[in-house]
Asker: 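Please see the structure below; I have some questions.
This one's a predicted model, so the numbers in the text were calculated from it and none came from an experiment. Whatever order the structure lists ligands and atoms in, that order sets their numbers, starting from 1.
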Amino acid sequence: MPPTDFYPADYLTARQRLRDAAGRFGWMTAVHPITARGPGGGELTLDVFTSPRPAPATLILSSGVHGVEGPFGSAVQLFALNQWGNSPPVRVVLVHAVNPFGFAHRRRFNEDNVDLNRNFLLPDQRYTGSPPRYADLDPLLNPPCPPRRIDPFPLHAVWKVLKYGLPTLKQAIAGGQYDHPRGIFFGGHGPAESVRICGEQLPHWFGESGVVCHLDFHTGLGPWGSFKLLLDIQPTEQQRQWLTDRFGSDSFEVCHADGVAYDARGGFGPWCDARAQQSAGREYLFACAEFGTYGPITVLTAVKRENQAHHWGAAGSDATERAKRRLAEVFVPASAAWRSRALEQAWALVDSAARGM
Ligand SMILES: [Zn+2]
């Protein structure tokens, strides 16, 4: 099967193909429903697939924290499952569609407009506040109307980049905000249902393993078709060495606004890490495996327009459908070259991680 065939057409197909493959290879399947519904009223679930045999080390691969990016992470999971069959080199846990609503409805955000990667707050953090300048940018980012066919937003965005510089602007917009519930990059006013499910299930994902590596698949940041492992937490010297040996010294980056990424509160990684550390002696390494697609203004424009369509447009209208199709394209390009290349790199990454644990 060519690599492009592993990309699902939609959420339901993605989930069914994973379930079928897991059943075929004797993996355990756990299904966790959320309250919100799919486009046709169907049930939405986080599905977790665990490889058949216990082992001292666990590799976790998660997808769809940002729903619309789900088809890529899902393709990686299905590909890996098919490669490994019933005997991966380590214990493997596949967490499919952390944000099933966003996956099914082609949104980055969840059923409450929450960016899940801003919602995993630590116990000492509160669901309030915004980066300086987000409020100034709010009218530009979140106009209260459906998207217009001719949208001067990209020009305004370029102007703001020139005025403030890209790192400052990235931080202001994408750092996460807790004050504008209909705005983009909203972190929520409390833990999302998906976050609660992750909290309950995380100990099962870790199992008895003393060593856990967790790769969370994302798209839309960085150069076309290439990837970076983004670390929210400074790796230990030993982890740094392991990352360098396995993937090369250029493959990873500790997040800061001057690099590919930016500082954000409420990320999945630090939250999992805090819980992993509750078990003394457990070695846990989390990285966002971030695959680049289009440039930052193109991506931001698509996020902004789909968000406008979601809140202010007519559901199912041509304009809304166009905005969603565009969002899907900027996060998981239809280009066969991008799809093949991204999946091959992702598999190389996953395979090397699994063999090196
Ligand atoms: Zn993402």
Asker: Hey, does the side chain of Trp84 reach the backbone of Phe79 with a donor-acceptor pair shorter than 3.5 angstrom?
Answerer: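 Looks like no, no N/O pair under 3.5 Å.
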
Asker: So, does Asp115 use its side chain to make a donor-acceptor pair with the main chain of Arg108 at under 3.5 Å?
Answerer: no

Asker: Restricting to N, O or S atoms, which atom of His218 is closest to the Zn ion (ligand 1)?
Answerer: ND1

Asker: Do any N/O/S atoms of Cys288 come under 2.8 Å of the Zn ion (ligand 1)?
Answerer: no

Asker: Please note down the angle at the Zn ion (ligand 1) between ND1 of His66 and OE1 of Glu69, to the nearest 10°.
Answerer: 120°

Asker: Does a salt bridge link Arg106 with Glu321, judged by any charged N lying under 4.0 Å from a carboxylate O?
Answerer: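 The answer is yes: the pair qualifies as a salt bridge.
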
Asker: Give me the one residue out of His214, His96, His218 that meets side chain to side chain donor-acceptor pair (under 3.5 Å) with Ser62.
Answerer: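 Testing each of His214, His96, His218 against Ser62, the sole residue satisfying side chain to side chain donor-acceptor pair (under 3.5 Å) is His214.
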
Asker: Just wondering, is there an N, O or S atom on Glu290 that's nearer than 2.8 Å to the Zn ion (ligand 1)?
Answerer: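 Coordinating: no.
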
